[in-house]
Enquirer: 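Take a look at this one; I'll ask things after.
Protein chains get the first letters and strands the later ones, always in sequence-line order, with residue 1 at the start of each. If you're wondering where the values come from, they're calculated on a predicted model, not measured in any experiment.
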2 protein chains.
Amino acid sequence: MTTLSPSGPAAGQRKVRRATMNDVARLAGVSIKTVSRVVNDEPGVHPSTAERVLAAIDQLGFRRNLSARNLRRGSSTGTIGLVLEDVGNPFYSGVTRAVEEIARLRGRQVISGSSDEDPGRERELALEFCSRRVDGLLIVPAGLQHSYLVPEMRAGTPVVFLDRPAGDVVADTVLVDNIGGTVEAVTHLAAHGHRRIAFLGDAPDIFTANERLRGYREGCVRAGIGYHEELVAMGPHDESTVVTTLQRLQSMRDPATAIVAGNNRITVHILRALAGVAEKPALVGFDDFELADLLSPPVTVIAHDASALGKAATDLLFARLDGDNSPPRRVVLPVRLVPRGSGEVHA
Amino acid sequence: MTTLSPSGPAAGQRKVRRATMNDVARLAGVSIKTVSRVVNDEPGVHPSTAERVLAAIDQLGFRRNLSARNLRRGSSTGTIGLVLEDVGNPFYSGVTRAVEEIARLRGRQVISGSSDEDPGRERELALEFCSRRVDGLLIVPAGLQHSYLVPEMRAGTPVVFLDRPAGDVVADTVLVDNIGGTVEAVTHLAAHGHRRIAFLGDAPDIFTANERLRGYREGCVRAGIGYHEELVAMGPHDESTVVTTLQRLQSMRDPATAIVAGNNRITVHILRALAGVAEKPALVGFDDFELADLLSPPVTVIAHDASALGKAATDLLFARLDGDNSPPRRVVLPVRLVPRGSGEVHA
DNA sequence: GGCCACTATGACAACGTTGTCCCCCAGCGG
DNA sequence: CCGCTGGGGGACAACGTTGTCATAGTGGCC
């Protein structure tokens with residue numbers, strides 16, 4: 001068993017220069033090109049030579065320098081850039097997982113970053129990835145301007161937007177059926193007798209928030225219960241704004257008996273705010289979340305699969321990398337209402 | 001508003017060569033070195049010249065090629081490699097988020113990948129990152145052999161292991177107090193009168209699972225209730241193995257009245273298995289999780305902060321990058337029992 | 001025995017950038 | 001008018017790798 005202790009051979013000298021193919025070549029008594037051939041499994045190297053080279057590689061701890069390789073080869077860096085809103089959000093970490101999975105099957109490494117809904121940060125991340133010459137870019141847009149990506153798109157770097165559309169470029173986009181989902185949520189609640197249905201959504205400049213609001217409105221109209229401004233509260237929301245909003249909704253002349261929550265974070269805030277309350281309003285949340293089925297009552301949600309979203313976007317990206325140059329596509333993934341109990345509560 | 005449509009200037013030619021500093025130099029009528037100076041904000045360029053260069057950069061959509069830059073400069077690639085078990089697990093996505101945060105403050109990009117508890121995959125990812133010449137490496141070990149990293153450590157690349165220790169190298173490590181946590185869990189349950197306390201843990205070759213088992217055993221001994229083999233079930237666990245295990249524990253001569261769950265996934269499996277059951281055993285789970293407080297009964301847990309873990313590890317890594325070459329450190333982060341109700345249930 | 005085909009290997013340039021060193025020229029003092 | 005200074009800018013090599021082409025040796029065939 002090899003144990004590198006601090007008093008071992010590494011001590012004393014802080015930085016040892018990394019071995020290069022040149023060093024390996026010298027040690028093995030061959031030319032650098034032969035080393036390259038061995039490292040890349042190219043044919044035409046005598047087995048005994050290869051063995052000497054491998055021994056030298058092992059002895060020196062050589063690792064091929066991918067920066068140099070990518071520079072020389074010019075083509076693929078074997079990386080995919082992923083810009084999302086927040087890896088910490090389970091929804092996006094699910095997306096990340098799916099992207100990673102597929103990228104792995106296709107021999108690509110994912111580099112990712114969180115924009116935190118900041119358009120400047122999104123741009124910064126995306127451009128950083130471009131400088132690293134990623135083979136493709138997956139972006140959950142924070143902003144509405146994406147013309148900064150025009151040079152990359154011209155250069156043939158595929159870009160796929162997910163969860164939200166791009167602002168001012170025409171590009172592949174994978175969305176979920178936000179409108180259909182909230183329409184269904186409202187319809188479901190109305191079918192259970194609710195006529196005063198509130199909507200708590202995220203900041204309206206976020207595409208999904210706005211779409212879901214539209215769906216809510218359309219659902220209200222279709223259900224014949226009308227759209228009432230005072231039942232809507234758009235974000236940004238946090239623990240305390242949700243509490244005050246709920247108080248307002250309860251203390252109205254004609255109080256809300258049901259709530260549609262615009263995303264998983266808002267749903268959780270609502271659940272927490274209602275924790276002590278005996279008479280809970282009915283609730284349907286957009287986004288499914290773990291344990292929703294184990295709460296009491298279990299939470300009815302509009303479910304859509306994070307990994308399906310990630311997969312669809314990544315598949316599309318790889319199709320482009322494989323040479324598909326048909327016109328940009330817009331994919332809308334279906335959502336489904338999962339009735340669990342909270343949306344069927346009677347007022 | 002610039003809109004790049006498929007029939008726009010990009011159509012027809014599929015791949016356009018990316019502009020280089022050379023192209024920019026030619027267009028601006030300067031030498032390539034001057035372009036470099038402008039791009040890197042080096043002094044000694046006349047404002048009017050800089051302006052011409054910037055215009056050319058903009059016109060050509062030039063982005064500096066980081067592969068070439070890193071190759072030439074040799075020093076830092078501005079990246080940190082993160083190998084974890086599964087980004088999809090909220091615990092690790094919390095870690096990821098914290099790492100990303102700090103890396104960002106220090107001007108580094110994170111590249112990450114999931115090992116899925118596969119030592120081979122862990123190694124593959126880590127070596128891939130090494131080939132990309134990351135400035136540092138954060139690893140949640142899946143395997144027990146890490147001597148493959150000796151060359152990198154010799155070359156001065158700092159490596160920090162987190163959540164679990166490395167197998168056969170001495171290196172910085174950040175852990176949580178697994179033993180203390182399970183001791184506390186058992187103590188807590190025993191204090192509430194439980195004498196038949198079961199332990200469901202992950203596969204015993206996983207460091208944390210093993211440590212937690214040790215803590216469980218020690219807790220049993222200290223509480224004077226003895227360690228009983230038949231109350232222990234080590235994983236891997238899934239939905240169905242948990243169900244059968246629980247049945248076994250219930251149908252014993254002297255059934256278990258309380259359970260300690262070895263991690264968040266197991267806790268969730270148990271909760272789901274017990275969902276319909278009226279007489280639930282007491283439960284304390286290792287790892288906190290969102291909504292634990294909203295279940296009924298709310299779930300008592302051994303909490304430890306994913307972001308604290310990520311932060312501690314990343315801080316340590318950056319300290320090394322800043323030149324700290326004191327002997328390898330082992331940091332153990334405290335855990336705390338969060339009593340919420342499920343651990344106080346009486347049999 | 002001369003020529004060819006083929007295998008194993010090497011020399012060299014090039015990828016895009018930056019560090020080093022050098023040059024040109026305007027301005028200024030003597 | 002000469003030499004010196006300093007700002008602005010360029011030529012060139014080098015980073016570590018790989019693609020292209022060349023070459024030495026070996027064995028077979030007419």
Enquirer: Of all the choices, dG16(D), dT17(C), dT20(C), which nucleotide is nearest to the side chain of R17(A) once you look at every atom?
Expert: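 Looking only at side-chain atoms, R17(A) lies closest to dG16(D).
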
Enquirer: If only side-chain N and O atoms of T34(B) are considered, is one of them under 4.0 Å from the OP1 or OP2 phosphate oxygen of dG9(D)?
Expert: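 For dG9(D), neither OP1 nor OP2 has a side-chain N or O of T34(B) closer than 4.0 Å.
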
Enquirer: In whole Å, what is the span from the NZ atom of K33(A) to the C1' atom of dG16(D)?
Expert: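 Answer to the nearest Å: 13 Å.
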
Enquirer: What's the separation between atom OG1 in T173(A) and atom CZ in R164(A), rounded to the nearest 0.5 Å?
Expert: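 Rounded to the nearest 0.5 Å, the OG1-CZ separation comes to 13.0 Å.
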
Enquirer: Quick check for you: among dG10(C), dG9(D), dT18(D), whose closest atom lies nearest to any side-chain atom of R73(A)?
Expert: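 From the listed options, dT18(D) comes nearest.
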
Enquirer: If I compare all heavy atoms of N65(A) with all of S67(A), which pair ends up nearest, and what's the gap?
Expert: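 N65(A) and S67(A) have their closest heavy atoms at OD1-N, 2.8 Å.
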
Enquirer: In whole angstrom, what separates I32(A)'s CD1 from dC15(D)'s P?
Expert: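 Checked: the CD1 to P distance equals 11 Å.
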
Enquirer: Do any N or O atoms from the side chain of D135(A) and from the backbone of T77(A) form a donor-acceptor pair under 3.5 angstrom?
Expert: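 Yes; at least one donor-acceptor contact below 3.5 Å.
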
Enquirer: Check the distance between dT17(D)'s C1' and L71(B)'s CG and give it to me in whole angstrom.
Expert: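 Computing the L71(B):CG to dT17(D):C1' distance gives 8 Å.
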
Enquirer: Which nucleotide in the list dT17(D), dT17(C), dG10(D) gets nearest to the side chain of F62(B)?
Expert: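 For the F62(B) side chain, the nearest candidate turns out to be dT17(C).
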
Enquirer: Just how far, in rounded Å, is P of dA11(C) from CG of N22(A)?
Expert: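 Atom CG in N22(A) sits about 11 Å away from atom P in dA11(C).
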
Enquirer: Is any side-chain N or O of S31(A) closer than 4.0 Å to OP1 or OP2 of dA11(C)?
Expert: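 Answer is no, no contact under 4.0 Å.
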
Enquirer: Taking the side chain of N65(A) as heavy atoms from C-beta outward, which of dT18(C), dT17(D), dG10(D) is closest to it?
Expert: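 Comparing dT18(C), dT17(D), dG10(D) against the side chain of N65(A), the answer is dT17(D).
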
Enquirer: Send over the distance from D23(A) CG to dC15(D) P, rounded to a whole Å.
Expert: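 After rounding, the gap between these two atoms is 11 Å.
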
Enquirer: For R329(A), check side-chain contact (heavy atoms from CB on, under 4.5 Å) against everything at least two apart and list the hits.
Expert: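 Result, side-chain contact (heavy atoms from CB on, under 4.5 Å) vs R329(A): D172(A), L316(A), R320(A), D324(A), S326(A).
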
Enquirer: At under 4.0 Å between heavy atoms, what does L66(B) touch on the DNA or RNA strands: base, sugar-phosphate, or nothing?
Expert: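 No contact at all - L66(B) keeps every heavy atom at 4.0 Å or more from the nucleic acid.
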
Enquirer: Is the base of dG8(D) touched by the side chain of R37(B) through a donor-acceptor pair closer than 3.5 angstrom?
Expert: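 Flag unset: no donor-acceptor pair detected.
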
Enquirer: Answer yes or no: does a side-chain N or O of T20(A) lie under 4.0 Å from OP1 or OP2 of dG16(D)?
Expert: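 The answer is no; no side-chain N or O of T20(A) sits under 4.0 Å from OP1 or OP2.
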
Enquirer: Can you list, in residue-number order, the parts of residues 38-57 of chain B that come under 4.0 Å of DNA chain C, counting heavy atoms only?
Expert: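 Those residues are N40(B), E42(B).
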
Enquirer: Starting at CZ of R133(A) and ending at P of dT17(D), how long is that distance when rounded to a whole Å?
Expert: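 Atom CZ in R133(A) sits about 20 Å away from atom P in dT17(D).
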
Enquirer: Does any N or O in the side chain of S114(A) come within less than 3.5 Å of the main-chain N or O of V87(A), such that one atom is a donor and the other an acceptor?
Expert: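 Yes, S114(A) side chain to V87(A) backbone: donor-acceptor pair under 3.5 Å.
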
Enquirer: For the pair K311(B) and E101(B), find out whether any cationic side-chain nitrogen is under 4.0 Å from an anionic carboxylate oxygen.
Expert: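 Salt bridge absent between K311(B) and E101(B).
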
Enquirer: Ignoring the backbone of R64(B), work out which of dT17(C), dG10(C), dG16(D) is nearest its side chain.
Expert: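 Looking only at heavy atoms from C-beta outward on R64(B), the closest nucleotide is dT17(C).
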
Enquirer: Rounding to an integer number of Å, can you tell me how far R132(B) CZ sits from dT17(D) C1'?
Expert: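 Rounding to the nearest Å, CZ of R132(B) and C1' of dT17(D) are 15 Å apart.
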
Enquirer: Assess whether atom CD of E42(A) is packed by more than 12 heavy atoms of other residues, nucleotides or ligands within 6.0 Å.
Expert: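 Result for CD/E42(A): enclosed.
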
Enquirer: Spell out yes or no: do the side chain of R72(A) and the base of dT17(D) have one donor N/O and one acceptor N/O closer than 3.5 Å?
Expert: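 Check fails, no donor-acceptor contact within cut-off.
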
Enquirer: What is the distance, rounded to the nearest whole Å, between atom CZ of R26(B) and atom C1' of dA11(D)?
Expert: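 Atom-to-atom, R26(B) to dA11(D), this comes out as 16 Å.
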
Enquirer: Do E128(B) and R104(A) meet the salt-bridge criterion of a basic N to acidic O distance under 4.0 Å?
Expert: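 Here R104(A) does not pair with E128(B) in a salt bridge, since their nearest N and O are not under 4.0 Å apart.
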
